[in-house]
Amino acid sequence: MAEQRTIVITGATDGLGKGLAAELAPTGARLILHGRNQEKGEALLEELRAKATGELEWRLADFASLDDVRYLADSLLDEQRIDALVNNAGIGTAGPREESEDGYELTFQVDYLAPFLLTRRLLPLLRTSSPSRIVNVSSAGQSPIDFDDVMLERDYSGFQAYCQAKLGLVMLTFDLAEELEGSGVTANCLHPGTYMPTNMVRAAGVDPVTPLEDGVAATMRLIVSPEVDGVNGHYFNGTAEDAPNPQAEDPEARRRLREISEELTGVSTTA
């Protein structure tokens, strides 16, 4: 009898994350669902129980606090295995510049630094669980990182904050893929869809374009489909392989981002 799969989804109470949870609930997988709102988390579990054929777990953590991310990682390291880690939590482009509890530009922390820290902390368990998958939900909206003003203190725009963080997630994916090659752990990222009907898109005052179901299907493919067994280090636009912003392919830019990320999170990327 096959061992029950354990799948972790961050940002699972709304939008794409909630859609993925609903799609995975009837598959028998053990789902560990994360969010930053306890009431929404409890409501999500209640909603999913009717269709779930595996275990459902809720984990509370606010990615505006790196300590919360560390506590989340520690709780997940108590699991026997993680077959798929889906880094989906994020915030959008609306609103003025804000700083996290750690003093970093908020979007950079929530959309990039938090998944960097969480994934790095979970790598030992992902390795022992192989074959396992890391799926990073990025965006086609990508802007080169200005390494002289990563926190956008001089020239802030919500669009730049979001797009540089999402490019950072692609760069993290490529780093992980190189590091994990041959380990049985794969790392891929995708743009699930353009302006799907989510709270993030509504907050930005943008009309939806891609149906949520399309984004769910594209992401589900990377989480569970045998079609991508062994596929590693790719960026997809929906289900089609695509080229990210050129900075993602620049080894020097990735090195600089890696060093900044290590400094800001206290996590070393070298074994």
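Counting from 1, the numbers follow the sequence of the chain as shown. Since the model is a prediction, treat every value here as computed from it, not as a measurement. We use all heavy atoms of the structure for the numbers below, so side chains are in, but hydrogens, waters and symmetry mates are not.
Checking side-chain atoms of Q109 against main-chain N and O of A64 turns up a donor-acceptor pair under 3.5 Å. Here the side chain of S130 pairs no donor or acceptor atom with the backbone of S132 at under 3.5 angstrom. For S138 (side chain) and L169 (main-chain N/O), no donor-acceptor pair under 3.5 Å exists by modelled atom type. Proximity of a side-chain donor or acceptor of T10 to a complementary backbone N or O of A89 within less than 3.5 Å is detected. Judged by distance alone, with hydrogens and angles left aside, the side-chain atoms of S225 form no donor-acceptor pair with the main-chain N or O of L222 at under 3.5 Å. In this structure, D111 contributes its side chain and I91 its backbone to a donor-acceptor pair below 3.5 Å. D68 places no side-chain N or O within 3.5 Å of a backbone atom of A61 that could act as its donor or acceptor partner. Proximity of a side-chain donor or acceptor of S129 to a complementary backbone N or O of I82 within less than 3.5 Å is detected. Of the possible polar contacts, one joining the Y104 side chain to the L264 backbone as a donor-acceptor pair under 3.5 Å is found. Panel note: side chain K51, backbone L24; no donor-acceptor pair is recorded below 3.5 Å.
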Inset, instruction - List the steps, then state whether side chain to side chain contact (heavy atoms under 4.5 Å, CB included) holds for V110 with L106. - result: CA-CA 6 Å; V110 172; L106 186 64; 3.9 Å; yes

Legend entry - Full working for side chain to side chain contact (heavy atoms under 4.5 Å, CB included) between C189 and F236: CA-CA 6 Å; C189 55; F236 294 92; over 6 Å; no

Inset, instruction - Kindly determine whether R133 and D83 satisfy salt bridge (Lys or Arg N to Asp or Glu O under 4.0 Å), including the steps that lead there. - result: CA-CA 6 Å; R133 300 180 182 185; D83 297 272; over 6 Å; no

Legend entry - Residue pair R221, E227: steps toward the side chain to side chain contact (heavy atoms under 4.5 Å, CB included) verdict: CA-CA 8 Å; R221 174 174 170 267; E227 181 186 335; 3.2 Å; yes

Legend entry - From CA spacing to verdict: side chain to side chain contact (heavy atoms under 4.5 Å, CB included), L118, R70: CA-CA 7 Å; L118 181 64; R70 293 182 185 101; over 6 Å; no

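In the displayed structure, D155 atom CG is contacted under 6.0 Å by at most 12 heavy atoms of other residues, nucleotides or ligands. Residue-environment remark: CD (E263) stays at or below the threshold of 12 foreign heavy atoms within 6.0 Å. The environment of Q80 atom CD is sparse: at most 12 non-hydrogen atoms of other residues, nucleotides or ligands sit within 6.0 angstrom.
Here the side chains of N188 and I134 are not in contact, with every heavy-atom distance at 4.5 Å or above. Taking the side chain as every heavy atom from C-beta outward, P96 and Y156 never approach each other to under 4.5 Å. Residues K18 and E47 meet the side-chain proximity criterion, which asks for heavy atoms closer than 4.5 Å. Using a 4.5 Å heavy-atom threshold, the side chains of V86 and V8 count as separate. Put simply, the side chain of L190 does not reach to within 4.5 Å of the side chain of T239, judged on heavy atoms. Looking at heavy atoms from C-beta onward, L167 lies in side-chain contact with Q247 at the 4.5 angstrom threshold. Taking 4.5 Å as the limit, some side-chain heavy atom of F147 sits within range of a side-chain heavy atom of I145. Side-chain contact between H191 and D242 is absent, with no heavy-atom pair separated by less than 4.5 Å.
Here the straight-line distance linking atom OG1 of T186 with atom CD of E181 works out to 9.5 Å at 0.5 Å rounding. Within the model, atoms CE of M171 and CG of D250 stand 7.0 Å from one another, a figure rounded to the nearest 0.5 Å. Taking CD of Q38 as the start and OG1 of T13 as the end, the distance is 11.0 Å to the nearest 0.5 Å. Remark: E101 CD to D67 CG distance equals 8.0 Å, nearest 0.5 Å. Taking CZ of R81 as the start and CD1 of I7 as the end, the distance is 11.0 Å to the nearest 0.5 Å. If you take CD on Q4 and CD on E55, they are separated by 5.0 Å, rounding to the nearest 0.5 Å.
If you chain together hydrophobic residues whose side chains sit under 4.5 Å apart, Y162 and L152 never meet in one group. Criterion: ILVMFWY side-chain heavy atoms under 4.5 Å apart, direct or through other members. Under it, Y71 and L33 are not part of a common hydrophobic cluster.
Evaluation of the ring-ring contact (aromatic ring centres under 6.0 Å, His included) rule for F63 yields H34 as partners, not counting sequence neighbours.
Test R97, E153, E98 against E105 for side chain to side chain contact (heavy atoms under 4.5 Å, CB included) and you get one pass: R97. Among D214, N88, V224, V135, the single residue meeting the side chain to side chain contact (heavy atoms under 4.5 Å, CB included) criterion with T219 is V135. Checking R256, R255, R254 one by one against D175, the salt bridge (charged side-chain N to carboxylate O under 4.0 Å, His left out) holds for a single residue, R254. None of N136, N87, T173 except one satisfies the side-chain hydrogen bond (donor to acceptor under 3.5 Å, both in side chains) rule with T119; the exception is N87.
Of the N and O atoms on the side chains of Y112 and T107, not one donor lies less than 3.5 Å from an acceptor on the other residue. A side-chain donor-acceptor contact under 3.5 Å links R59 and S75.
Of all heavy-atom pairs spanning S143 and F159, the tightest one is OG-CE2, 4.4 Å.
A salt bridge does not link R120 with E262: every distance from a Lys NZ or Arg NE/NH1/NH2 to an Asp or Glu carboxylate oxygen is 4.0 Å or more. Ion pairing of R121 with D74 is present here, as a side-chain N (NZ or NE/NH1/NH2) and a carboxylate O approach within less than 4.0 Å.
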